[in-house]
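Notes follow once the structure below has been shown.
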Amino acid sequence: MTLPDAFKALVVRETTENQFVRAIEQRKIGDLPQGDVVVQVLYTSLNYKDILSATGNRGVTRNYPHTPGIDAAGIVADSTNEGFKPGDEVIVTSYDLGMNTAGGFGQYIRVPAGWVVPQPQGLKAAEAMVYGTAGFTAALSVWNMIESGVAPDDGDVLVSGATGGVGSIAVSILSKIGYSVTAVNGVADETDYLKEIGAKKIISIAEATDTNGRPLLKSRWAGGIDTVGGDILTTTIRSAKYGAAVTCCGNVAAADLPLNVYPFILRGVRLIGIDSQNCPMPIRQKIWQKIASEWKIEWLQAITTEASLAELSDKIDLMLQGKHIGRTIIKMTND
Ligand SMILES: NC(=O)c1ccc[n+]([C@@H]2O[C@H](COP(=O)([O-])OP(=O)(O)OC[C@H]3O[C@@H](n4cnc5c(N)ncnc54)[C@H](OP(=O)(O)O)[C@@H]3O)[C@@H](O)[C@H]2O)c1
């Protein structure tokens, strides 16, 4: 495969007034960081972390100019690693992609071979990006909950942040594999959407939040997939049934966890931390295999909005305004 002289990428620059501006620019392969594998990006996706990177959050991206995009799916264009050859279909998510390494908002990326996952059979590049880091994190959360012994017959599973990227896919996978899902709905009424993607019951943030201070509440949940943290996660743990497992991956509501030990020592509740970024490669490949086969969601269309590279900046603004639902994928070719 011939490498192009130039390609397009969304580049974020810091102005002299410390503002962060973004524009589509022409880049060269030589501008990319060192690495073993050059990938032509066919699709990327939009995640909360991309918004942080695109708006100058130094906790995510230290140096600008920078091309964000923590997810990419495409075709190997060049490789110095014998595990990959030009034409291979691959997925690259997590590690440092899009953070301090030029990411999937460019039509080409260059990364270490250790970051590259062969695209499993049964999954196209666009489909892989509907999942992306958000979907991978949802699947990793579900996998951990199941590994802890929570079975569909044990009772309802609570998913918070259910209209978001991670939450939507967690609701969908759980419902597909036979779990009865209760979804927490946030500010706008998204009942129809949540039912369409498989939620059996929907509760409000108020109903999912109990701040009366009692260490244990009525046993309600056999499992929980939490994406928001704070009082909702605390309440889920305090209302978890005996032996329940609750996963924790995000902090959109709060990073605090006001809690005591009683749910753990009196009900044997398990709290499982989820980190998609440095998830070991054997587990990473196993989770992508599940996504491509028995956990593949039939209603991907319902969750997905597709946009072009030219429309990406507007989509970033939409997510910044909190008006984003489900998953947005970006087609990186022919634009
Ligand atoms: N640990 C990991 O490896 C990993 C990987 C990926 C993501 N994450 C984290 O997971 C979280 C979710 O990511 P995402 O991509 O799904 O984000 P997202 O698409 O922006 O969704 C966030 C969801 O949280 C809800 N929400 C927002 N503010 C809330 C509040 N104050 N209380 C309760 N719910 C609230 C929103 O609900 P409404 O729209 O209904 O208001 C929305 O459904 C983020 O914190 C992200 O950083 C972690």
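One-based numbering along the sequence shown. Bear in mind the structure is a predicted one, so any value in this text is a computation, not a measurement. Note that ligands are numbered from 1 as they come in the structure, with each ligand's atoms numbered from 1 the same way. The figures here come from the full heavy-atom set of this structure, side chains too, leaving out hydrogens, waters and symmetry mates.
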| said: According to side chain to side chain donor-acceptor pair (under 3.5 Å), who are the partners of S172, at least two apart in sequence or on a separate chain? | reply: W299

| Sidechain N-carboxylate O distance under 4.0 Å for K218, D210 | no

| query | Is any side-chain N of the basic residue among R220 and E207 closer than 4.0 Å to the acidic one's carboxylate O? | reply | yes

| query | Ring centres of F136 and Y131 under 6.0 Å apart? | reply | no

| request: Please check if any side-chain donor atom of Y95 sits under 3.5 Å from a side-chain acceptor atom of T101, or the reverse. | output: no

| field | ligand 1: protein residues within heavy-atom distance under 4.0 Å | value | Y48, T133, T137, G161, T163, G164, G165, V166, N185, G186, V187, I205, T227, V228, I232, C249, G250, N251, V252, A253, I274, D275, S276

| Carboxylate-amine/guanidinium contact K296 E127, below 4.0 Å | yes

